[in-house]
Amino acid sequence: PGPAGEPWSAAFDQLDPGQIYCYSLGGVTAAAGFRTAPEQGKVSFLAFGDSGNGGSNQRAVYAQMQTVPFDFVLHLGDLAYETGTAKELESRYFDVYHPTSRSFAVFPVIGNHDDAADDAAAYLRAFDLWDNGVPSERERYYAFDWGDVHVVALDTERITAEQAAFLDQDLANNDRPWVVVMAHRPPYSSGEHGGLPAFRTTFGPILKKHRVPLVLSGHEHDYERTVNLDGTVYVVSGGGGRDTRPVGSSPFTAYAESVLHFLFVEVQGDRLTVHAIDGVGREFDSVAIERPLH
């Protein structure tokens with residue numbers, strides 16, 4: 001046990017891929033199980049951002065998440081409002097999602113609200129993520145593999161040359177057939193904040209170079225899917241429970257709606273399908289993406 005208020009952790013090693021393991025942590029947790037990532041094969045996952053303050057909207061979206069089969073979860077930032085303190089993370093994130101997080105891996109990115117308290121100190125203590133090799137930016141961005149999917153998590157609160165170099169090198173080394181990039185602030189948006197120019201200029205050419213098919217982001221409290229832009233579909237999913245805000249339309253917009261929701265993504269063979277599902281279980285948008293030929 002750590003100091004009062006600090007998270008506890010336990011390390012597991014020498015686990016085989018694609019296997020189910022059961023565990024209990026010294027009487028602190030109830031017995032639970034999890035499946036390790038397979039080395040290859042089909043994958044399904046959830047994605048959502050801006051999840052809320054523990055209220056009924058957040059819990060309604062979460063209830064619908066539990067109706068679909070998934071392997072892991074991507075959180076697109078702003079885990080706990082308003083400033084991402086340890087107390088807010090405990091009451092507005094972990095208290096809500098603990099039935100899922102004890103058996104399924106959750107991979108987050110830093111949102112502006114998460115970064116507001118001491119440069120995301122509570123967030124970085126709460127999650128054990130991959131080391132990106134940059135001491136000043138450790139665990140603020142990272143990448144991992146799960147089955148046929150390679151996921152890259154970016155930090156849009158600190159867009160640096162080091163992070164761009166990491167993204168370029170990481171994608172050059174990738175050997176999985178599918179790539180999904182996730183971030184908090186979107187490069188393209190018809191919502192309240194609009195797209196982030198620094199994302200487009202810094203990361204955009206790298207995404208085009210490596211033909212990344214799907215980029216997910218949050219920040220805007222709405223849903224918006226773009227048309228295919230230089231080989232990439234961009235999806236904003238910031239309707240995880242905080243609230244919704246008006247969203248307009250732009251020349252790059254394929255579909256947009258102000259709605260509480262989450263994404264259910266299925267990857268099998270040469271096809272990736274994104275399902276957008278609202279807080280009452282309605283699938284209000286979907287898109288199928290064929291794997292680009294390299």
Side-chain angles (χ1 to χ4, degrees), residues 7-49 51 59 61-77 79 89 93-109 123 126-131 139 141-153 170 173-182 213-214 216 237 240 262-277 281 283 286 288-289 291:
W8 297 2
S9 66
F12 299 84
D13 58 10
Q14 299 181 358
L15 303 182
D16 293 325
Q19 300 298 315
I20 294 175
Y21 292 89
C22 297
Y23 74 96
S24 177
L25 300 181
V28 177
T29 67
F34 64 92
R35 184 186 294 273
T36 54
E39 292 183 327
Q40 60 183 10
K42 64 181 181 179
V43 176
S44 61
F45 61 88
L46 306 180
F48 63 100
S51 49
R59 294 178 184 276
V61 175
Y62 179 46
Q64 294 302 322
M65 293 179 194
Q66 297 174 80
T67 67
V68 297
F70 59 91
D71 300 310
F72 61 89
V73 181
L74 303 182
H75 197 295
L76 304 174
L79 283 73
L89 277 171
Y93 178 80
F94 290 108
D95 279 359
V96 175
Y97 300 115
H98 71 86
T100 294
S101 58
R102 66 189 174 195
S103 294
F104 296 90
V106 180
F107 305 102
V109 293
Y123 165 100
F127 294 94
D128 187 5
L129 304 171
W130 284 267
D131 185 355
E139 296 189 30
Y141 51 88
Y142 58 92
F144 68 94
D145 296 322
W146 196 294
D148 283 350
V149 178
H150 181 69
V151 179
V152 185
D170 177 80
N173 293 338
N174 171 53
D175 63 357
R176 304 300 165 112
W178 286 96
V179 174
V180 175
V181 170
M182 59 186 289
L214 181 64
L216 305 177
S237 178
F262 69 97
L263 306 179
F264 172 51
V265 182
E266 298 178 287
V267 181
Q268 185 166 10
D270 291 333
R271 173 168 290 193
L272 180 153
T273 306
V274 180
H275 307 270
I277 301 172
E283 182 172 329
S286 66
I289 301 172
R291 187 166 72 89

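Computed from a prediction, not measured in an experiment: that's the story for all the values here. What's counted below: heavy atoms across the whole structure, side chains too, no hydrogens, waters or symmetry copies.
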Polar side-chain atom of S237 near backbone of F48 as donor-acceptor pair, under 3.5 Å: no

Please tell me if the side chains of V265 and V43 come closer than 4.5 Å, counting only heavy atoms from C-beta onward. no

Could you walk me through whether I277 and T67 pass the side-chain contact (heavy atoms from CB on, under 4.5 Å) check? CA-CA 11 Å; I277 301 172; T67 67; over 6 Å; no

Do D170 and Y141 have side-chain heavy atoms sitting under 4.5 Å apart? no

Is the ring centre of H75 less than 6.0 Å from the ring centre of F107? no

Could you tell me which residues satisfy side-chain hydrogen bond (donor to acceptor under 3.5 Å, both in side chains) with D175, sequence neighbours excluded, listed by chain and number? none

Below 6.0 angstrom between ring centroids: does that apply to F45 and F144? no

Within a strict 4.5 Å, meaning less than it, do heavy atoms of the W146 and D71 side chains meet? yes

Please assess L74 against V109 for the test side-chain contact (heavy atoms from CB on, under 4.5 Å), listing each intermediate value before the final yes or no. CA-CA 8 Å; L74 303 182; V109 293; over 6 Å; no

Identify the heavy atoms of I289 and P213 that sit nearest to each other, and give their distance. CD1-O, 3.9 Å

Heavy-atom distance under 4.5 Å between the side chains of Y123 and E139, does that happen here? no

Side-chain donor/acceptor of S103 to backbone N/O of G33, under 3.5 Å: yes

Tell me if a side-chain donor or acceptor on E283 pairs with a main-chain N or O of H275 at a distance below 3.5 Å. no

Do the non-hydrogen side-chain atoms of P108 and L129 ever get within less than 4.5 Å of each other? yes

N/O donor-acceptor pair under 3.5 Å between D148 side chain and Q40 backbone: no

Using only atom types and a distance under 3.5 Å, with no angle test, would you say the side chain of W178 pairs donor to acceptor with the backbone of V151? no

Is a donor on one side and an acceptor on the other found under 3.5 Å between the side chain of Y21 and the backbone of D16? yes

Parallel, tilted or perpendicular: which one describes the rings of Y97 and Y62, with boundaries at 30° and 60°? perpendicular

Treating T36 as the side-chain partner and G18 as the backbone partner, does any N or O pair qualify as donor plus acceptor under 3.5 Å? yes

Please examine the side chains of V106 and F72, heavy atoms only from C-beta on, and report whether any two atoms are closer than 4.5 Å. no

